[in-house]
Amino acid sequence: MFNRPATSTAPGKPARRTRAASVTIAASLGTLLLLLTPPTFAAEPGADFMTGFNAYENGDYAQALAHFTPLAERGDSAAQYNLGLIYSEGLGVAEDPVTAARWFTPVAEKGNSRAQFILGGMYERGEGVGQNHDTATLWYLKAAEQGHMYAQYHLAGKYYAGRGIAQNLPAAAQWYSRAAQLGHVNAQFNLGLMYEQGLGLAKNERSAFKWYQLAAEQGFASAQTNLGLMYLEGRGVSQDFQRAYKWLSIARASGAHHPALEILTDKLSINEIAQAQEQARSWQTEHSR
């Protein structure tokens, strides 16, 4: 049984070349997206948001800076966020986390969940700001309460591990649940683990099975293993050796071999094993598209 939670560390820096995206698309873990909105204030002479945005997309960061900076100084949130991105990634300038934090902060204070999540990570790592776990937790919480899935997951991880704050397993379970319901695969696995072991909530193997299954269907190898073992042992679900063999075979193909797979060869006929193997291959084919 895999009984260690998927880890949640402070989110790292974004990929070196982040493309622009609509404001309606949530930022993925480790990826920061540009906000595509018109300037809030009248532009300085010669400063134009879309010109700066297009320059960024074309890799002309000096031009982007020339247009975003005066707009940001006048309080335009999109320009401020984009400057935070540029200085955070060192695009056309030296990496400058202090300046990045300076520009992300007013955007976060105005309620933008992406900027709040980014600042949470910066305070957790002590990048561009003094390391402060209480402040990191505050920003994660603000973003999490707005439905930011990755903030929910990182906040849960801080509570689960007591990383810089007091351990609080019920709070960890609450936030893993919120992220899991939005589809975060690590959160789904961790929530299954907490239900299985009764950590921070009442032990419930049926609920553990549910969350392992959702994570397993997303390709999470440890969840596939635990799902197979629950079928093998009849915990949280009716005992089914063929389904156990199927999921343990899928987990093995994902890089997580468990000796129970060999044990099942003594419990199944040759035909039953062949059927389970075919079901595993069909699943892998379907999920490799």
Side-chain angles (χ1 to χ4, degrees), residues 5-14 18 21-35 77-78 80-81 84-85 88 97 100-101 103-195 199-201 207 210-211 214-215 218 220 223:
T7 57
S8 168
T9 57
K13 290 185 179 181
T18 307
S22 166
V23 69
T24 59
I25 300 176
S28 62
L29 183 59
T31 302
L32 308 181
L33 303 178
L34 286 176
L35 298 178
S77 294
Q80 290 169 340
Y81 182 93
L85 257 180
S88 176
W103 289 119
F104 283 134
T105 297
V107 186
E109 289 172 342
K110 291 174 185 175
N112 183 276
S113 63
R114 297 185 211 173
Q116 291 168 346
F117 172 62
I118 293 165
L119 271 183
M122 295 183 82
Y123 274 103
E124 186 164 7
R125 297 186 303 273
E127 182 181 293
V129 292
Q131 188 177 47
N132 189 314
H133 287 284
D134 289 337
T135 304
T137 301
L138 175 65
W139 285 120
Y140 283 151
L141 180 61
K142 287 180 179 293
E145 288 176 338
Q146 293 193 70
H148 194 291
M149 180 176 71
Y150 298 106
Q152 292 168 349
Y153 174 70
H154 282 278
L155 182 62
K158 285 183 73 65
Y159 281 127
Y160 184 94
R163 194 171 64 245
I165 58 174
Q167 186 182 52
N168 186 332
L169 292 180
Q174 173 195 344
W175 289 111
Y176 277 140
S177 180
R178 296 271 293 269
Q181 290 172 42
L182 291 175
H184 195 293
V185 65
N186 288 31
Q188 291 171 344
F189 174 77
N190 289 356
L191 188 59
L193 195 67
M194 296 185 80
Y195 270 118
L199 299 173
L201 35 68
S207 292
K210 167 191 169 182
W211 291 110
L214 287 169
Q218 290 202 66
F220 199 90

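Only a predicted model underlies this, so the values are computations on that prediction, with no experimental measurement involved.
Partners of Thr137 under the side-chain contact (heavy atoms from CB on, under 4.5 Å) rule, at least two apart in sequence or in another chain, are Leu155, Lys158, Tyr159, Ile165. Scanning for side-chain contact (heavy atoms from CB on, under 4.5 Å) contacts around Leu169 gives Tyr160, Gln167, Met194, Leu199, with sequence neighbours left out. In this structure Glu109 satisfies the side chain to side chain donor-acceptor pair (under 3.5 Å) test with no other residue, sequence neighbours excluded. Ser113 pairs by the side-chain contact (heavy atoms from CB on, under 4.5 Å) definition with Gln116, Ala143, Gln146, His148, not counting sequence neighbours. Under the side chain to side chain donor-acceptor pair (under 3.5 Å) criterion, Asn132 pairs with Thr135, sequence neighbours left out. With sequence neighbours excluded, the residues that form a side chain to side chain donor-acceptor pair (under 3.5 Å) with Gln218 are Gln188. Checked against side-chain contact (heavy atoms from CB on, under 4.5 Å), Ala136 has the following partners two or more places apart in sequence or in another chain: Tyr123, Glu124.
Of all heavy-atom pairs between Gln80 and Trp103, the closest is O-CB, 3.3 Å. Closest approach of Gln152 to Leu182, counting heavy atoms only: OE1-CD1, 3.4 Å. Heavy-atom minimum distance, Ala187 versus Ala180: CB-N, 3.7 Å. Nearest approach of Ala108 to Leu119, heavy atoms of both residues: CB-CD1, 3.6 Å. The two residues Ser77 and Val107 come nearest to each other via the heavy atoms O-CG2, 3.5 Å. When all heavy atoms of Ala100 and Ser88 are compared, the pair lying nearest together is CB-N, 3.7 Å.
One distance of note links NE2 of His184 with CG of Leu191; it measures 12.5 Å at 0.5 Å rounding. Here the CE-CD distance, from Met122 to Gln131, works out to 13.0 Å after rounding to the nearest 0.5 Å. Of the inter-residue distances, the one linking Leu201 atom CG with Ser177 atom OG reads 8.5 Å to the nearest 0.5 angstrom. Here the CH2 atom belonging to Trp175 is positioned 12.0 Å from the CG atom belonging to Asn168, to the nearest 0.5 angstrom. Interatomic distance, Tyr140 OH to Ile118 CD1, rounded to the nearest 0.5 Å: 11.0 Å.
When side chains are defined from C-beta on, Phe117 does not count as touching Arg114, because their heavy atoms never get closer than 4.5 Å.
Using a 30° and 60° split on the angle between ring planes, Phe104 and Tyr81 fall in the perpendicular class, above 60°.
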Note to self: side-chain contact (heavy atoms from CB on, under 4.5 Å), that's the test. Do Phe189 and Val185 meet it? Break it down for me.
What the structure shows: CA-CA 6 Å; Phe189 174 77; Val185 65; 6.0 Å; no
